[in-house]
Amino acid sequence: MESRDDAQQPVEQLIANRRAKLEALKALGHEPYPRRFRVAASVSALRARYDGSGTAELEAERPQVRLAGRLRAIRGHGKVSFADLSDGAGQIQLYLRRSDLDDSAWKVFELLDLGDFVGVEGTVFRTRAGELSVAVRGLTVLAKALRPLPEKYHGLADREARARQRYLDLLSNPASREVFEVRSRVVSSIRRRLEAAGFMEVETPMMQPIAGGAAARPFVTHHNTLDLDLYLRIAPELYLKRLTVGGFERVFELNRNFRNEGISTRHNPEFTMLEFYWAYADYELLMDFTEELLGGVVEEVVGAAKLQWGEHVIDFSRPWRRLTMRDAILAYSDLTPEDLADRGRMETAARALDVQRIAERSDGSLLAELYEMTAEPRMIDPTFIMDFPRDISPFAKSRPDDPDTVERFELFAGGMELANAFTELNDPDEQRRRLEAQAAEQGGQVDEDFVRALEHGMPPTGGEGIGIDRLVMLLTNQQSIRDAILFPQLRPRD
RNA sequence: GGGCCGUUAGCUCAGCUGGUAGAGCAUCGGACUUUUAAUCCGGUGGUCGGCGGUUCGAGUCCGCCACGGCCCA
């Protein structure tokens with residue numbers, strides 16, 4: 001056996017070709033990674049400016065431009081060449097004629113590869129075929145690419161590679177780029193709407209000594225100097241409520257939560273959540289506000305109220321349906337009001353639906369399971385499910401007419417939970433009892449500092465959390481949360 | 001955690017009941033002064049995800065492992 005020669009490996013050969021050109025550029029006195037190249041306008045901006053200009057018009061004006069971007073295609077024709085220059089969002093054709101360039105510039109051009117960043121000076125014109133182009137006079141290498149791009153026509157298809165090397169996915173799949181542009185617009189739109197409604201954005205701890213505000217396993221870390229275990233937050237809820245105690249009457253936080261649970265098409269260990277708290281609001285008002293907020297975002301970002309999501313069309317036209325959890329179960333199953341009134345009959349129904357650990361569940365937990373198994377997957381158009389059982393809602397205020405039910409709703413669309421909100425419990429004694437009951441049942445500690453804050457007085461408040469990743473999934477027609485997050489969690493390779 | 005499916009050239013993909021691994025793009029060489037998935041001619045490039053097994057012979061059959069996808073819990 002011969003010794004292993006890496007230069008003989010296929011990718012290595014492609015890289016070696018590019019490195020040889022890199023050296024040749026240096027030999028010609030060209031810095032392949034210069035510090036700057038001033039441009040007056042982006043490729044996209046130039047396109048926008050001259051797309052409407054005809055051949056004669058450009059001939060008369062002869063616009064001189066200076067632009068930069070990545071080479072995405074080269075079409076050589078002997079003594080003339082065409083190339084496509086991209087700024088990510090748009091591209092423009094370059095036209096290079098050997099007789100228009102000095103020898104050194106032509107040599108530089110011959111040492112370019114697909115994927116290289118170049119700076120260009122030239123004149124805007126239209127080719128015979130009518131393509132808006134830049135006749136190049138000067139050419140500068142801005143960054144030599146040493147590895148090849150994915151195939152130009154099909155892009156990068158391998159789902160794993162797309163997530164692991166997102167930059168290649170974004171480069172070669174316009175649809176993927178669009179997903180994350182929409183995501184950015186969604187986040188921006190939400191911020192603007194909340195600020196317009198008088199909310200103030202705040203930042204509360206990501207590292208918490210007690211991980212409260214939700215039921216989920218936390219990630220643990222350790223602070224050395226304090227010699228203290230800290231938890232990555234599973235929710236900002238308890239800190240945001242402390243702020244309402246402190247007199248900030250409308251606050252929101254739009255940032256990451258961390259939950260140490262399974263990974264699926266709808267769950268990533270770190271995910272983005274909007275939480276907002278509104279003093280003197282209740283869950284009825286929050287439903288109205290949610291319609292206005294999210295309905296407005298959908299119309300602004302998608303430009304329509306109806307949108308395709310997989311095999312479904314989701315209709316965001318307002319008003320959205322409001323159903324109690326009980327009514328939802330009754331509407332989407334064969335169960336009767338009598339079934340839901342009797343523990344034994346509920347257990348029978350739960351068994352038929354393959355609900356796990358039935359015996360250890362509270363009545364409320366069982367009801368919620370029945371809802372999840374029957375109605376939830378069929379909540380395609382946005383629907384508020386209201387009036388949750390108290391025993392699975394430790395931070396929500398009871399309904400005056402039924403102390404076992406709380407003023408809480410979740411918003412569903414596409415069969416997914418999008419939002420969770422309630423009229424916040426602000427009775428400190430009741431809150432302590434609920435937290436103690438939860439700690440006894442599920443383990444964990446009571447956040448005494450939070451209860452103490454309530455003892456100082458929290459105004460009646462409505463609070464809500466909205467899952468941003470799932471919202472983006474709906475607005476971009478993605479079936480997996482992984483495709484709505486730039487860098488989703490994956491198992492490390494090798 | 002369980003079931004099913006996938007992993008072949010840098011990328012996108014073929015490869016039938018086991019018989020010396022293919023195409024397109026990219027790359028390299030050549031032709032070409034208005035092309036645009038440019039075109040034409042000629043090349044290079046593979047431990048077929050990994051390890052083990054069955055077989056005269058394995059990309060193909062079997063087992064285990066890794067990573068990913070879908071479904072279930």
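Computed over heavy atoms, backbone and side chain alike; hydrogens, waters and symmetry mates excluded. Every chain is numbered from 1 and lettered A, B, ... according to where its sequence line falls, protein lines coming before strand lines.
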Closest approach to the side chain of A/Asp158, judged atom by atom: which nucleotide of B/U27, B/A73, B/U12 is it?
B/U12

Taking only N and O in the side chain of A/Lys152, is any of them less than 4.0 Å away from OP1 or OP2 of B/A26?
yes

Assign A/Ile15 to base, sugar-phosphate, or nothing according to its heavy-atom contacts below 4.0 angstrom with the strands shown.
nothing

Considering only heavy side-chain atoms of A/Gln93, the closest of B/U12, B/U35, B/U33 is B/U35

Of the nucleotides B/A26, B/C70, B/G46, which has the atom closest to the A/Leu14 side chain?
B/A26

Rounded to whole angstroms, how far apart are CD on A/Glu131 and P on B/U35?
11 Å

Under-4.0 Å salt bridge between A/Glu23 and A/Arg19
no

Of the nucleotides B/C28, B/G10, B/C67, which has the atom closest to the A/Arg491 side chain?
B/C67

Within the structure shown, what part of the strands sits under 4.0 Å from A/Arg75 by heavy-atom distance: base, sugar-phosphate, or nothing?
base

Rounded to whole Å, CD of A/Gln13 lies from C1' of B/G45 at a distance of 6 Å

Listed nucleotide nearest any side-chain atom of A/Tyr95, set B/G69, B/U12, B/U33
B/U33

So if I take every side-chain heavy atom of A/Glu151 and compare against B/G24, B/U36, B/G68, which nucleotide ends up nearest?
B/G24

Just the rounded figure in Å: distance from C1' of B/U36 to CG of A/Leu132.
13 Å

Determine whether the aromatic ring centres of A/Phe37 and A/Phe117 lie less than 6.0 Å apart.
no

Side-chain contact check for A/Pro150: nearest option of B/C11, B/U33, B/C70 is B/C11

When the P atoms of B/A66 and B/C28 are considered, how many whole Å apart are they?
40 Å

Trace of the salt bridge (charged side-chain N to carboxylate O under 4.0 Å, His left out) decision for A/Arg97 with A/Asp100
CA-CA 5 Å; A/Arg97 194 154 59 167; A/Asp100 289 348; 3.2 Å; yes

Separation of atom CZ in A/Arg164 from atom P in B/U7, rounded to whole Å:
17 Å

Base, sugar-phosphate alone, or nothing: which one does A/Gly76 contact when heavy atoms must sit under 4.0 Å apart?
base

Using a cut-off of strictly less than 4.0 Å, decide whether A/Lys21 has a side-chain nitrogen or oxygen near OP1 or OP2 of B/C28.
yes

